[in-house]
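Before any comments, here is the structure.
Note: hydrogens, waters and symmetry copies are ignored here, and every other heavy atom, side chains too, is used.
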Amino acid sequence: MPNNTYNSPFNARYASKEMQYIYSPDFKFKTWRKLWIALAEAENELGLNVTKEQIEELKAHADEINYEVAQEYEKKFRHDVMSHVHAYGEQCPNAKGIIHLGATSCYVGDNTDVITMREALLLIKKKLVNAIASVAKFADEYKEMPCLGFTHFQPAQPTTVGKRATLWLMDLVMDYEEVNHVLDTLMLLGSKGTTGTQASFLELFNGDHNKCKELDKKIAEKMGFKACFPVSGQTYARKLDTIVCNCLALIAQSCCKFSNDLRLLQNLKEIEEPFEKNQIGSSAMAYKRNPMRSERIASLSRYVMIDALNPAWTASAQWFERTLDDSANKRVSVAEAFLATDGILDLYINVTNGLVVYPKVIEARLMSELPFMATENIMMDAVKKGGDRQELHEKIRVHSMAAGAVVKVEGGQNDLVDRIAADPAFMMTKEEIMAVMKPENFVGRAPQQTADFLADTVKPILDANKDLLGIDVEINV
């Protein structure tokens, strides 16, 4: 890339080569030509004076985009579609008279946008499935490891490391379902004409309405879609862009939530993102291991979530059959939503494939809080030995406040167990109290919930998408 002009960070740093290609001029203009071929084929099949020889000529040059010729025509016409019509016509002299026959610019522009979004969504789905597989493996491996649970980022009942990971997974599963729904319901614009009435095609087909309807069906079939929009203005309903970008924003929300959790866990020294041998965490503080990949996930996710407002505003601001205030915004906002989400998922897969877990730290933190959480069990065991429940409750309250003060005021260790063991009212030794405080006794159904979720919900997704698994992601920086 040249160093004396603006370079998009999405190309230089974040998005994969695959996603960059999908939003490249090559993909765009080759798709234009595929659409012109599909139109010519449909018109031939419906009886217009478009010959198979002309179609074959179009096919022979479909991938040979003569950019320089198109650029010269655009200087002359100030119209991108017509410049490519003429450039294609130079390569196909016998077919040049039937290229774009009856169509308006949105025939190639809008249909290509839908095709591009579908291709980009398929890549997003592939990476989403691999992200699900990566987190599922982690959840399964650590489904029985107790850890301290948090509500409001305050110590709460214990859970397990794997069960916490299923919360990240559940978000991704919902995203997967939404991506499938959007892919399944995508429609082409078809060929609707300047105000969506198909007037030009009605003229070409000598007033035959059925042939106009068949034209859309044939174009959809040839381009691999189930249907075209049944009605439209000159463009497809811009709400489609909103739906697609909202889908990407959902993925961004999931990934951002994960990255926030991991940044907190890294601060607690319980779980860290991968840190390479020669990686530098800070230019000043050589000891630091900053969670820079998780922070980048959060940063790009924020961009995608805010970017989703762009197509919403565009859809709401279209006048009647169309206005052109969608064009500049649309070509930036939709493309960058995909480029950013692609980068987010690459980071997500990279991080979750290399998570570093510190069991001793996790256990130590849990055990520092568990005495407070175990007091009800301890009290019940003491009652079984003949103790008075109300008296014991008050004693536990007093001992808990004192132990809490040791931790918070004096900076000492939680000594609640020692205090209870030394109190004859409880009639329990320290060993008996510690036996009550086995962490696995306080995690509820976390291991079973994790196993059931992986078997019943996640495994069917991975089984259905075996052909998508096993990708290698590359992080540029």
Side-chain angles (χ1 to χ4, degrees), residues 5-29 31-32 80-81 105-106 108-125 127-128 175 178-179 181-183 185-189 229 232-256 296-319 321-348:
T5 187
Y6 176 76
N7 292 322
S8 169
F10 291 114
N11 283 357
R13 299 174 72 88
Y14 305 136
S16 68
K17 299 299 181 187
E18 295 90 341
M19 188 61 79
Q20 289 181 46
Y21 175 72
I22 291 169
Y23 275 95
S24 70
D26 246 18
F27 186 89
K28 174 181 176 178
F29 294 121
T31 304
W32 281 17
D80 57 349
V81 173
S105 298
C106 287
V108 287
D110 271 32
N111 285 318
T112 292
D113 284 349
V114 178
I115 292 166
T116 303
M117 288 192 293
R118 179 179 67 176
E119 200 66 24
L121 274 172
L122 288 170
L123 180 58
I124 292 297
K125 177 181 175 179
K127 294 188 175 183
L128 191 55
D175 298 334
E178 185 64 18
V179 168
H181 172 70
V182 173
L183 280 168
T185 54
L186 278 179
M187 293 182 287
L188 284 179
L189 169 67
F229 273 86
S232 73
Q234 187 179 105
T235 67
Y236 64 73
R238 292 299 184 232
K239 284 183 72 72
L240 176 60
D241 297 338
T242 310
I243 290 167
V244 170
C245 287
N246 281 345
C247 180
L248 301 180
L250 291 175
I251 296 171
Q253 292 166 32
S254 302
C255 296
C256 192
R296 192 182 304 156
I297 290 173
S299 184
L300 290 173
S301 295
R302 191 177 308 137
Y303 180 87
V304 174
M305 288 184 275
I306 297 301
D307 185 53
L309 291 173
N310 276 299
W313 275 102
T314 297
S316 67
Q318 288 293 285
W319 298 352
E321 282 65 49
R322 94 151 301 180
T323 53
L324 200 60
D325 55 343
D326 65 337
S327 179
N329 183 293
K330 172 179 164 58
R331 74 176 64 204
V332 175
S333 61
V334 177
E336 291 192 349
F338 274 106
L339 292 164
T341 306
D342 177 72
I344 290 165
L345 286 171
D346 279 354
L347 287 164
Y348 194 108

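- Across all non-hydrogen atoms, the minimal contact from Ala308 to Asn246 is CB-OD1, 3.9 Å.
- Of all non-hydrogen atoms in Lys127 and Asp346, the two that sit nearest each other are NZ-OD1, 2.9 Å.
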Verify side-chain contact (heavy atoms from CB on, under 4.5 Å) between Val114 and Met187, making sure each step is shown before the conclusion. CA-CA 7 Å; Val114 178; Met187 293 182 287; over 6 Å; no
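- A donor-acceptor pair is defined here as one N or O able to donate and one able to accept, closer than 3.5 Å; such a pair exists between the side chain of Gln20 and the backbone of Asn11.
- Taking NZ of Lys239 as the start and OG1 of Thr314 as the end, the distance is 12.5 Å to the nearest 0.5 Å.
- The side-chain tip of Arg238 points at the ring of Tyr236 from less than 6.0 angstrom away and within 45° of straight on.
- At least one side-chain heavy atom of Ile115 sits less than 4.5 Å from a side-chain heavy atom of Leu188.
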Going through the checks in order, is the side-chain contact (heavy atoms from CB on, under 4.5 Å) test met by Leu248 and Asp307? CA-CA 10 Å; Leu248 301 180; Asp307 185 53; over 6 Å; no
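- Interatomic distance, Asp342 CG to Glu18 CD, rounded to the nearest 0.5 Å: 7.5 Å.
- You'll find the side chain of Thr185 stays beyond 4.5 Å of the side chain of Ile243, heavy atoms only.
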Does the ring pair (Phe, Tyr, Trp, His ring centres under 6.0 Å) test come out yes or no for Tyr303 and Phe10, once each step is laid out? CA-CA 12 Å; Tyr303 180 87; Phe10 291 114; 5.6 Å; yes
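- The minimum heavy-atom distance linking Ser254 with Asp175 is given by the pair OG-OD2, 2.5 Å.
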Checking Leu240 against Asp113 for the side-chain contact (heavy atoms from CB on, under 4.5 Å) test, could you report, in this order, the C-alpha distance in whole Å, the side-chain angles of both residues, the deciding distance, and whether it holds? CA-CA 11 Å; Leu240 176 60; Asp113 284 349; over 6 Å; no
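- Here CG of Leu345 is found 9.0 Å from CD1 of Ile297. Values are rounded to the nearest 0.5 Å.
- Of the possible polar contacts, none joining the Gln253 side chain to the Met305 backbone as a donor-acceptor pair under 3.5 Å is found.
- For the pair Ile124/Met19, a side-chain contact is recorded, criterion being any heavy-atom separation below 4.5 Å from C-beta on.
- Considering only heavy atoms from C-beta on, Ile251 comes within 4.5 Å of Val179 through its side chain.
- No side-chain heavy atom of Asp325 sits under 4.5 Å from any side-chain heavy atom of Trp319.
- Heavy-atom minimum distance, Leu186 versus Arg118: CD1-CB, 3.6 Å.
- In the model, Ser24 has no side-chain atom that pairs as donor or acceptor with a side-chain atom of Asp26 under 3.5 Å.
- The CG atom of Asp110 sits 6.0 Å away from atom NZ of Lys330, with the distance rounded to the nearest 0.5 Å.
- By the 4.5 Å heavy-atom criterion applied to side chains, Asp241 and Met117 are counted as neighbours.
- Heavy-atom minimum distance, Val304 versus Ala337: CG2-O, 4.1 Å.
- Using a 4.5 Å heavy-atom cutoff, the side chains of Trp32 and Asp80 are in contact.
- Atom OG1 of Thr112 is separated from atom CG of Leu189 by 10.5 Å, given to the nearest 0.5 angstrom.
- Side-chain atoms of Phe338 and Leu123, non-hydrogen and from C-beta on, never get closer than 4.5 Å to each other.
- Residue Thr341 holds its OG1 atom at 5.0 Å from CD1 of Ile344, rounded to the nearest 0.5 Å.
- Between Thr242 and Ala315 the shortest heavy-atom distance is OG1-CB, 3.9 Å.
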